[in-house]
Amino acid sequence: MKTRVKQIIGYKIQDGKENEFSSIKEQMISESYSLQGLYSSTTSKSLDEDNVYIDTMVWESKDIAISSCESFSKLPTANKFLELMTGPPLFQYMMEYVEDNIQE
């Protein structure tokens, strides 16, 4: 049995490039769904630090996530997205997947 995983990636966008980032982010998410095994992708903006974001993705398995991430750079918008970052991700982790338990 394969176990779903949650991948989190933190990154910073260059000063003055946030509007450009916002204009391509939805396209980047849309393209990412062509990667094998991706169930969901969400981007959250930091409330504590300017231009810092966290992408949270749920994958079919860790092996598929690693394989698909290697294909990420081939997506049409990937290079532009990576150019807007200040450098490599601030952090990147594969985590066990636990379904959200939101109480309303």
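Note that the coordinates shown come from a computational prediction; the quantities given were computed from them, not determined experimentally.
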| query | Do Lys17 and Asn19 touch side chain to side chain, with heavy atoms closer than 4.5 Å? | reply | no

| Nearest 0.5 Å, what's the CZ-CD distance between Phe21 and Glu83? | 14.0 Å

Check: residues 23-38 side-chain donor-acceptor pairs under 3.5 Å, at least two apart:
unit_1	atom_1	unit_2	atom_2	d
Ser23	OG	Glu20	O	2.7
Lys25	NZ	Thr43	OG1	3.3
Lys25	NZ	Asp55	OD2	3.1
Gln27	NE2	Glu31	OE2	3.0
Glu31	OE1	Thr77	N	2.9
Glu31	OE1	Thr77	OG1	3.1
Glu31	OE2	Thr77	OG1	2.5
Ser32	OG	Met28	O	2.9
Tyr33	OH	Ser41	N	3.0
Ser34	OG	Glu31	O	2.7

| Would Asn51 and Glu49 count as having a side-chain donor-acceptor pair, cut-off 3.5 Å? | no

| request: Kindly indicate whether the side chain of Ile54, heavy atoms from C-beta on, has any atom under 4.5 Å from the side chain of Phe91. | output: yes

| Check: Thr86 and Ile13 side chains under 4.5 Å, non-hydrogen atoms | no

| task | Apply side chain to side chain contact (heavy atoms under 4.5 Å, CB included) to Trp59 and Gln7, showing your working. | result | CA-CA 8 Å; Trp59 296 92; Gln7 180 182 29; 2.9 Å; yes

| Glu104 side chain reached by Ile102 side chain, heavy atoms, under 4.5 Å | yes

| Distance-only polar pair, side chains of Glu18 and Tyr53, donor-acceptor under 3.5 Å | yes

| query | Can you find a heavy atom in the side chain of Ile8 that is under 4.5 Å from one in the side chain of Met57? | reply | no

| field | Ile64 reachable from Tyr39 in the ILVMFWY side-chain graph, under 4.5 Å edges | value | no

| message | If you compare all heavy atoms of Pro89 against all heavy atoms of Ile9, which two are closest, and at what distance to 0.1 Å? | response | CB-CG2, 3.8 Å

| task | Run the numbers on Met94 and Ile66 for side chain to side chain contact (heavy atoms under 4.5 Å, CB included), then give the verdict. | result | CA-CA 9 Å; Met94 290 286 185; Ile66 291 168; 4.0 Å; yes

| request: Classify the ring geometry between Phe72 and Phe81 as parallel (under 30°), tilted (30 to 60°) or perpendicular (over 60°). | output: perpendicular

| task | With side chain to side chain contact (heavy atoms under 4.5 Å, CB included) as the test, would you mind laying out the steps for Met95 and Val5 before giving the verdict? | result | CA-CA 6 Å; Met95 310 293 288; Val5 296; over 6 Å; no

